[in-house]
Asks: 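Sharing a structure here in structure tokens format.
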Amino acid sequence: MAFLKASFGLLSIYILVFAIFSPAVLEAQSLSLAPAPGPSSDGTSIDQGIAYVLMLVALVLTYLIHPLDASSHQF
């Protein structure tokens with residue numbers, strides 16, 4: 001019976017020490033990792049590319065529609 005009390009005491013001390021020091025160990029491991037790299041594109045270059053494509057489409061449509069519109073008038 002004394003053996004069980006002694007082993008229970010040692011187990012409880014081990015659990016207490018583990019509970020105190022395990023968050024510190026986990027935090028130290030997470031701090032040792034390198035930070036993630038920043039985003040390579042913040043979205044402005046994508047927006048600018050979409051704007052260029054839309055402007056090109058508008059220009060092509062203008063030059064395709066303009067001759068049709070001009071030929072419908074008879075002066």
Asks: What pairs with T44 under side chain to side chain donor-acceptor pair (under 3.5 Å), at least two apart in sequence or on another chain?
Replies: D42
Asks: Residues in side-chain contact (heavy atoms from CB on, under 4.5 Å) with L59, at least two apart?
Replies: Y63
Asks: How would you list, by chain and number, every residue that makes a side chain to side chain donor-acceptor pair (under 3.5 Å) with S45, sequence neighbours excluded?
Replies: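 Scan of S45 (side chain to side chain donor-acceptor pair (under 3.5 Å), adjacent residues dropped) gives S41.
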Asks: To which residues is Y52 joined in a hydrophobic cluster, defined by side-chain heavy-atom contacts under 4.5 Å among Ile, Leu, Val, Met, Phe, Trp and Tyr, whether direct or through other members?
Replies: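 None; Y52 is a cluster of one.
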